[in-house]
> 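The structure under discussion is supplied below as structure tokens; questions concerning it will follow.
Just the heavy atoms: all of them, side chains too, but no hydrogens, waters or symmetry mates, feed the values below. Bear in mind the structure is a predicted one, so any value in this text is a computation, not a measurement.
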Amino acid sequence: MMSLAGRSGFLYPYLQSSNIITSRPLTALTPAAVNVGDALVNERKSSKSQAVSGLPHGHFGKRFAHSDIRIPDFSDYRRTDVQDPNKSSQQGSEARRAFSYLITGSTAVVGVYAAKTAVTQFVSSMSASADVLALSKIEIKLSDIPEGKNMTFKWRGKPLFVRHRTEKEIATEANVNLAELRDPQHDTDRVVKPSWVIVIGVCTHLGCVPIANAGEYGGYYCPCHGSHYDASGRIRKGPAPLNLEVPYYEFPDEDTVIVG
């Protein structure tokens, strides 16, 4: 260090002072004063006149940084019921806890309602529009279908069979033994009015379109794989596993049926 100071030229006095200061123990050169009553008493009277020899800039004192820090006052940000250290804050804590429960419950209710609304709107956006729903229904005038005949209509892209049955066909299908059926279903469960049978004309085997008024049972016959249906649309013979599907329909009057 001294050799470095010797080669430093004009910096020599400052480096020499730094060397002396750093080599000495850290002692307080300026005495601390305490307030006793109204008088200030020096802790070390003898140190008042001491001088540090060899220092070019006079006396140096040690500052205790921890004694100079000013603690900030957060009273403006604290609740009134907790500022007094001698006062219990249990009552205030109970009130705050109840308020927290109220806010949490309200937030949960609002969140559930918002989620329900979002899901409902999302599902509604995926449903069919009004014009599509209008096309999903078909109105058929029954007076155009003679007794014993079947007419085919197009409904939702599928063939729709509407059959006007005779009294003989009604009696025959009503007396069928359900134990003989592959897909047991009574005739009265498949019709609203006995005179009218309305089924979707799609074979339940592989989706072929059967022929009306054909087959061994006088109902419908699928020539593709030999499935025979009776006049109620029930499978009686062949590979088809199920009866012909019955769509939803209603009769607004005696001469009209609405399917869908």
> What ring-ring contact (aromatic ring centres under 6.0 Å, His included) pairs are there with at least one residue in residues 100-122, not counting sequence neighbours?
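ring-ring contact (aromatic ring centres under 6.0 Å, His included) check on residues 100-122 returns no pairs.
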> Could you measure the distance from the CH2 atom of Trp196 to the CZ atom of Phe251? Nearest 0.5 Å is fine.
7.5 Å
> What is the minimum heavy-atom distance between Gly233 and Tyr229, and which atoms define it?
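Heavy atoms only, the tightest pair is O-CD2, 3.6 Å.
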> Does any part of the side chain of Pro159, heavy atoms only, come nearer than 4.5 Å to the side chain of Val202, both counted from C-beta?
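In short, these two side chains touch, coming nearer than 4.5 Å.
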> Test of understanding: clusters of I, L, V, M, F, W, Y form through side-chain heavy atoms closer than 4.5 Å, transitively. Do Val191 and Ile145 belong to the same one?
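Same hydrophobic cluster.
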> Can you check whether Glu180's main-chain N or O pairs, donor with acceptor, with Asn177's side chain at less than 3.5 Å?
no
> Are Leu181 and Ile170 connected into the same hydrophobic cluster when the rule is that any two of I, L, V, M, F, W, Y join if their side-chain heavy atoms are below 4.5 Å apart?
no
> Rounded to the nearest 0.5 Å, how far does CD1 of Ile235 lie from CG of Leu242?
9.0 Å
> Between Glu250 and Lys137, does any side-chain N to carboxylate O distance fall below 4.0 Å?
no
> Salt bridge or not between Arg234 and Glu173? Use side-chain N to carboxylate O under 4.0 Å.
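Counted as a salt bridge, because a side-chain N and a carboxylate O are separated by less than 4.0 Å.
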> For Lys116, does its backbone N or O pair with a side-chain atom of Thr120 as donor and acceptor, under 3.5 Å?
yes
> Per the ring-ring contact (aromatic ring centres under 6.0 Å, His included) rule, what does the pair list look like for residues 165-187, sequence neighbours excluded?
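Every candidate ring-ring contact (aromatic ring centres under 6.0 Å, His included) pair involving residues 165-187 fails, so no pair, neighbours aside, qualifies.
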> Taking Glu169 for its side chain and Thr166 for its backbone only, find out whether a donor-acceptor pair lies under 3.5 Å.
yes
> Shortest non-hydrogen contact from His225 to Pro239?
O-CD, 3.2 Å
> Does Lys193 reach the side chain of Val257, with side-chain heavy atoms less than 4.5 Å apart?
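Not touching, per the 4.5 Å side-chain cut-off.
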> Grab the two heavy atoms, one from Pro247 and one from Val259, that are nearest each other, plus how far apart they are.
CG-CG1, 3.9 Å
> Output every pair passing side chain to side chain donor-acceptor pair (under 3.5 Å) with a member in residues 213-224, not counting sequence neighbours, ordered by first then second residue.
Asn150-Tyr220, Arg163-Asn213, Glu216-Lys237
> CD/Glu147 to OG/Ser195 distance, rounded to the nearest 0.5 angstrom?
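Spacing of CD (Glu147) from OG (Ser195) equals 7.0 Å.
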> Please name the pair of heavy atoms, one in Ile211 and one in Pro223, separated by the smallest distance, quoted to 0.1 Å.
CD1-CG, 3.9 Å
> Nearest 0.5 Å, please: how far is CG in Asp187 from CG in Asn175?
9.5 Å
> Group every Ile, Leu, Val, Met, Phe, Trp and Tyr by side-chain heavy-atom contacts under 4.5 Å, then state whether Val246 and Val209 land in the same group.
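Yes; Val209 is reachable from Val246 via cluster members.
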> Counting N and O atoms only, with roles assigned by atom type, does the side chain of Tyr249 sit under 3.5 Å from a partner on the main chain of Val192, one being a donor and the other an acceptor?
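Pair found, side chain donor or acceptor close to backbone of Val192.
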> Please say which of Arg182, Gln185, Arg236 ends up in a side chain to side chain contact (heavy atoms under 4.5 Å, CB included) with Asn243.
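Going through Arg182, Gln185, Arg236 one by one, the side chain to side chain contact (heavy atoms under 4.5 Å, CB included) with Asn243 is satisfied by Gln185 alone.
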> Working to the nearest 0.5 angstrom, can you tell me the gap between Leu142 CG and Met151 CE?
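Answer for the CG-CE pair, Leu142 versus Met151, is 10.5 Å.
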> If you round to the nearest 0.5 Å, how far is CD1 of Ile200 from CG of Leu244?
9.0 Å
> Mind listing the closest non-hydrogen atom pair of Thr204 and Ala240 along with its distance?
OG1-CB, 3.4 Å
> For a quick test of reading the model, state the closest non-hydrogen atom pair linking Gly260 to Trp155 and the distance between them.
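Heavy-atom minimum between the residues: CA-CZ2, 3.7 Å.
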> If you group Ile, Leu, Val, Met, Phe, Trp and Tyr by side-chain heavy-atom gaps below 4.5 Å, do Ile258 and Ile140 land in one group?
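Looking at the clustering, Ile140 is in a separate group from Ile258.
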